[in-house]
Q: 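Please find one structure pasted underneath; my questions will follow.
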Protein chains: 2
Amino acid sequence: MTPPSARPTMRHVAERAGVSPKTVSNVLTGTAQVREPTRLRVEQAMRELDFVPNFSARGLRNGKTGVIGLALPDLATAFSASITHAVVEAAHARGWVVQVEETAAEPAREHDLVTRARTHQIDGMILNPVRLEDSVVEHLDHLPPIVLIGEVEQHRTDRVFIDSRAAAREAVLHLVSSGAQRILALGGAEAGAVLGKATVGQRLQGYRDALRESGLVSSPALELEVPDWTISGGAIGMREFLASGVEFDAVLAFTDSIALGALHELNSAGIRVPEDVLICGFDDVEHARYAGTPLTTIGFDHERYASAALDLLSSRMGDRTLEPRAHKIPHQLLIRSSTLGPPAGSGRRKSQK
Amino acid sequence: MTPPSARPTMRHVAERAGVSPKTVSNVLTGTAQVREPTRLRVEQAMRELDFVPNFSARGLRNGKTGVIGLALPDLATAFSASITHAVVEAAHARGWVVQVEETAAEPAREHDLVTRARTHQIDGMILNPVRLEDSVVEHLDHLPPIVLIGEVEQHRTDRVFIDSRAAAREAVLHLVSSGAQRILALGGAEAGAVLGKATVGQRLQGYRDALRESGLVSSPALELEVPDWTISGGAIGMREFLASGVEFDAVLAFTDSIALGALHELNSAGIRVPEDVLICGFDDVEHARYAGTPLTTIGFDHERYASAALDLLSSRMGDRTLEPRAHKIPHQLLIRSSTLGPPAGSGRRKSQK
DNA sequence: CTGAAAGCGCTTACAG
DNA sequence: CTGAAAGCGCTTACAG
C-alpha cells in the first residue's frame, strides 16, 4: 500500500530542474542534444531525487522491454549452467537482461512457454528445444523473435548449432581407431522422436554413420535411452545396461553429465576406464576435464555459441522479414584419458554375462 | 517497424464481444463477477483475436511485474545451477518468472545491480552477496524487497541461510575424528573481508572452532584462498599449496567445486584420497556424489532453501514494514568415501618437501 | 453485473 | 535546443 508517488518520476525531475519532462527524456535517452548547463541541472536533479526511469512505462511506450528469455530443458545441468553464464554475460554486454525458463523436457511446457512469451514481455527468446512441436513454429508470426539453439530440423527460425552428427561420427571413429568394436550409444534411442529431428537424433545418426563406415553393425541393444540427461540419469542408464549383460567395450554418451554418471557406475562395477571400456562425452563442461578419469569429449566455444545466438536475435529484432539464418559453431574432439586405452587388439573386458 | 496495432488489445476484444474494456479486464483478472454468457463471449473473442495481455501496461498500472531477480556471483558453477533450478521451479509455482543476474564476485557489480534493480522492473530480488557493501543496505528503502541467501552479518534484510559456522565445525570434527591433524581450509582466508561477515568468514570460523576444540593449532599456512570458487579455482589453489611443501593430511574445501578441483590435483600428484589425504566439500551438488572418489560434504535441501527465500520475498512484498526475518535451513554432514580413510594413527602421507 | 473516465510514467511526433 | 499534447494498454475508483 506504499503510494506509487513515493518514487520520483520524470515530472518531478523536470520541475526540480526547471525544464519540461521532454528535456529530461532527452537527457536520459540522448535522442536530442541538450545544452551542457541544462543537462547538468537535470542530472543533478535526478541524483538529488534518486530518480530511476520506470521501465514498464518505457516498455509500454516503446514496445521493447530490454529483456530476453532463455529457455532450457533443465537448468540444473552443468551444460545449462555454462550456457546460462555465457548468455547472461553476452546479453549484459548488449544492454539486455535475461529471464530464464525451464521446459523440463516436456513438449507441453515448451509450447506453453512460447505462447506465454508475449505476456512476459520479452523482446526475444533463445530456446533450446527438446522436441519442438510444429504448433510452436506455426505461431511464429505472433511471437517475439526466437533463436533456436541446438539441432532442429526446422528452417523457419534462426538457429545456432554445432554439427552434432559430424561430431558424433568423429567421436565414434576415434573410439573405433582406439580399438573399440562394440560401442554403446547412451542418451537416447528417443523412441518417439523422428530420427534426425533433434539433438538426440543427430547424435544417433552420426554414431550409426561411423559404425557403418567402420564395417561395424549397429544394434538396438547398443542404443540406450536414459531417464534424463543428468549425472544420475547416466548412472541409472549404465546400471541397467550392465544388468542386461550385453557386451561392449566403449560408450558414446550424449552429454558429459551422462558420461560422468556412466563413468561412476562403471567404476562401481569394477570396470576400469580406459583399460576395460573407453568413454566419450559431449559439450566439454568444466568437470569433464577434472573427472576421476578426465573425459574425452566434443568441445565447442560456449561464449561464441551465446554471442552468435544474441547476434541473430539482435538482427532479427531489427528486421523481422530477414530470411532465417543458421549459424554453425565449430566443434573439436578433445582427447583425454578416458579414451587413451591400451593398444587396439589387447583383450578388453566384456560386460558380465 | 511492425505497427504495434498488429497486436490486439483489450479494446479490440471488447468491441468484438460487444462489451466494455472493463468487462474484459474483469474476465481476465477475476476482480468482479461476470455473467456466464458474457464471459464466454469475451473468452471466445480473446481466442479469435489470439489476444494476450500486455504485461508492461499491467505492470505500469499495478506497479507489479510478476518478475523477480536472482543474483548469484557466478552462474556457471554447479551450486548456482542447482539453486537457479530450484528458484525457477518454486517461482513458477507462485506465478512468477525469474530474471538472472551475475555479480561475478565483484562488490561493485553487486552495487550496480541493486541500484539498477528498480529500472529492471522486478518486484523483488534474491541476492547471494559475496561482500555486500553497506551502501547497498543503506539504499534498502528505495529498493524492491530483497532476500539475502547465504551468510551475512547483517540484520536489516530478510535472509535464508544454513549455519555455515556450525557446519564447518562439524566437518572438521569429523576429519579430526578420522585421524586428521593438519587440515587445510581451502577457499578463503579472504584477506580483505571482515571475519564472519560473509560465507567465507563463517566457514573459516567454524574451521577454527573445531581446531581449537580438538586441541589443534590453526596456522595461516593452512588457510588458503583460491582464485575463484570453481573446479579450476580449487585445482589451482591445491597446486599452489602442494608446491609450498606444507604438510597436511586433510582438506576442508569451501564448496564442492573447489573440492573436486582439489581432488583432481591430489590425484594428479599421486596423492590418494582417502588413503593419504581426506577431503570434505560443501553444498552437496550432484556430482559430489558421483566424483571419482565420492565426496563427503555438507548437504542441505536446495528446494527448501529456494522456497524459503520466495516465501520471505512474498510476505515482504505484502508488507514492507515487517521485521526482518532470518530462516535457517538445516544441514547435514554426508559422509562418503573421500573421508573414509584408514584408522586414525596409520601413517598418512606428508606433502612433498 | 457493466460502463465512462482518468491516469500509471514514459516518449514520439509536432511546433516553436 | 525546448515545450505542450497525445497515447502506449491496462486497471482502479466511481457511477449506474
Side-chain angles (χ1 to χ4, degrees), chain A residues 1-43 45-46 49-67 118-121 123, chain B residues 1-43 45-46 49-67 118-123 144:
Chain A
M1 293 285 85
T2 316
S5 52
R7 183 170 158 178
T9 72
M10 279 182 18
R11 202 166 51 74
H12 299 120
V13 175
E15 279 164 12
R16 187 174 197 106
V19 299
S20 81
K22 173 62 165 93
T23 303
V24 178
S25 174
N26 286 341
V27 170
L28 230 40
T29 61
T31 312
Q33 292 283 37
V34 179
R35 245 182 316 185
E36 185 72 7
T38 314
R39 194 168 51 80
L40 291 176
R41 250 183 17 254
V42 169
E43 285 172 351
M46 293 201 287
L49 293 171
D50 193 22
F51 168 82
V52 283
N54 180 322
F55 272 43
S56 278
R58 189 180 278 182
L60 174 56
R61 178 65 241 209
N62 289 343
K64 302 220 173 238
T65 58
V67 181
R118 291 166 293 175
T119 74
H120 286 167
Q121 281 314 103
D123 295 339
Chain B
M1 293 284 85
T2 317
S5 53
R7 184 169 156 179
T9 72
M10 278 183 18
R11 202 166 51 74
H12 299 119
V13 175
E15 279 165 13
R16 187 175 197 104
V19 296
S20 82
K22 173 63 166 91
T23 302
V24 178
S25 173
N26 286 341
V27 170
L28 230 41
T29 60
T31 312
Q33 293 282 35
V34 179
R35 247 183 315 187
E36 185 71 9
T38 314
R39 193 167 51 80
L40 291 176
R41 254 190 7 258
V42 169
E43 286 172 350
M46 294 201 287
L49 293 172
D50 192 23
F51 167 81
V52 283
N54 180 322
F55 273 41
S56 279
R58 190 180 277 182
L60 174 56
R61 179 65 242 209
N62 289 342
K64 301 221 172 237
T65 58
V67 181
R118 289 165 294 174
T119 74
H120 287 166
Q121 280 314 103
I122 57 182
D123 296 340

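Order of the sequence lines sets the chain letters (A, B, ...), proteins ahead of strands, with each chain counted from 1. Computed over heavy atoms, backbone and side chain alike; hydrogens, waters and symmetry mates excluded.
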Q: Between C1' on C:dT11 and NZ on A:K64, what's the gap in Å once rounded to a whole number?
A: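 These atoms are roughly 15 Å apart.
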Q: Provide, to the nearest angstrom, the distance between the CG atom belonging to A:N26 and the C1' atom belonging to C:dT11.
A: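 The answer, rounded to whole Å, is 9 Å.
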Q: Identify which nucleotide among C:dT11, D:dC10, C:dG3 has an atom closest to any side-chain atom of A:S25, counting heavy atoms from C-beta outward.
A: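 Output: C:dT11.
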Q: For B:R61 and B:R35, find the nucleotide of DNA chain C closest to each by heavy atoms; which residue's nucleotide sits nearer the 5' end?
A: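 Its nucleotide being nearer the 5' end, the pick is B:R35.
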Q: Quick check on C:dT2: is either OP1 or OP2 less than 4.0 Å from any side-chain nitrogen or oxygen of B:T38?
A: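 Yes, within the criterion.
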Q: Just the rounded figure in Å: distance from P of D:dG7 to CG of A:N62.
A: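 These atoms are roughly 17 Å apart.
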Q: Figure out the CD/P separation between B:E15 and D:dG9, and round it to whole Å.
A: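 Whole-Å distance recorded here is 13 Å.
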Q: Check whether any side-chain N or O of B:R11 sits under 4.0 Å from OP1 or OP2 of D:dG9, and answer yes or no.
A: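 Checking B:R11 against D:dG9: no side-chain N or O falls below 4.0 Å of OP1 or OP2.
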Q: Need one value for B:R58: base, sugar-phosphate or nothing, where a base atom within 4.0 Å counts as base even if backbone is also close, heavy atoms only.
A: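 Result for B:R58 = sugar-phosphate.
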Q: So does A:S25 get a backbone contact from the side chain of A:T29, meaning a donor-acceptor N/O pair under 3.5 Å?
A: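 Yes: the side chain of A:T29 pairs with the backbone of A:S25.
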Q: Whole-Å distance between D:dC1 C1' and A:R39 CZ?
A: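 Interatomic distance, CZ of A:R39 to C1' of D:dC1: 13 Å.
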Q: What distance do B:R61 atom CZ and B:N54 atom CG have between them, rounded to the nearest 0.5 Å?
A: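 Result: 14.5 Å between the selected atoms.
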Q: If you assign each of B:K22 and B:L60 to its closest nucleotide in DNA chain D, which residue comes earlier from the 5' end?
A: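 Counting from the 5' end, the first nearest nucleotide belongs to B:L60.
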Q: Tell me the closest heavy-atom pair linking A:T65 and A:D123, and the distance in Å.
A: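 Distance-wise, the nearest heavy atoms are N-OD1, 2.8 Å.
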Q: Look through every strand shown and name the nucleotide pairing with D:dG3 as Watson-Crick or G-U wobble, where both distances are under 3.5 Å.
A: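 Result: C:dC14.
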Q: Less than 4.0 angstrom between a side-chain N/O of A:S56 and OP1 or OP2 of C:dC10, yes or no?
A: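 No.
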Q: Would you mind reading off the distance between A:M10 atom CE and D:dT2 atom P, rounded to a whole angstrom?
A: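 Between P of D:dT2 and CE of A:M10: 14 Å.
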Q: When you measure from the side chain of A:T23, which nucleotide among C:dT11, D:dG9, D:dG3 comes out closest?
A: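 From the listed options, D:dG3 comes nearest.
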Q: Does the side chain of A:V24 come within less than 4.5 Å of A:P21's, by heavy atoms?
A: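 No; the side chains remain at least 4.5 Å from each other.
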Q: Separation of B:M46 atom CE from D:dC10 atom C1', in whole Å?
A: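 Computing the B:M46:CE to D:dC10:C1' distance gives 14 Å.
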Q: Return the nearest nucleotide to the side chain of B:V34; candidates are C:dC10, D:dG9, C:dT2.
A: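 Between C:dC10, D:dG9, C:dT2, the one nearest the side chain of B:V34 would be C:dT2.
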Q: Between B:S20 and C:dA4, is there a side-chain N or O to OP1/OP2 distance below 4.0 Å?
A: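 For C:dA4, neither OP1 nor OP2 has a side-chain N or O of B:S20 closer than 4.0 Å.
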Q: Please tell me if the side chains of B:T23 and B:T38 come closer than 4.5 Å, counting only heavy atoms from C-beta onward.
A: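 Side-chain contact under 4.5 Å: yes.
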Q: Could you tell me how far apart B:R41 (CZ) and C:dC1 (P) are, to the nearest whole angstrom?
A: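 Rounding to the nearest Å, CZ of B:R41 and P of C:dC1 are 15 Å apart.
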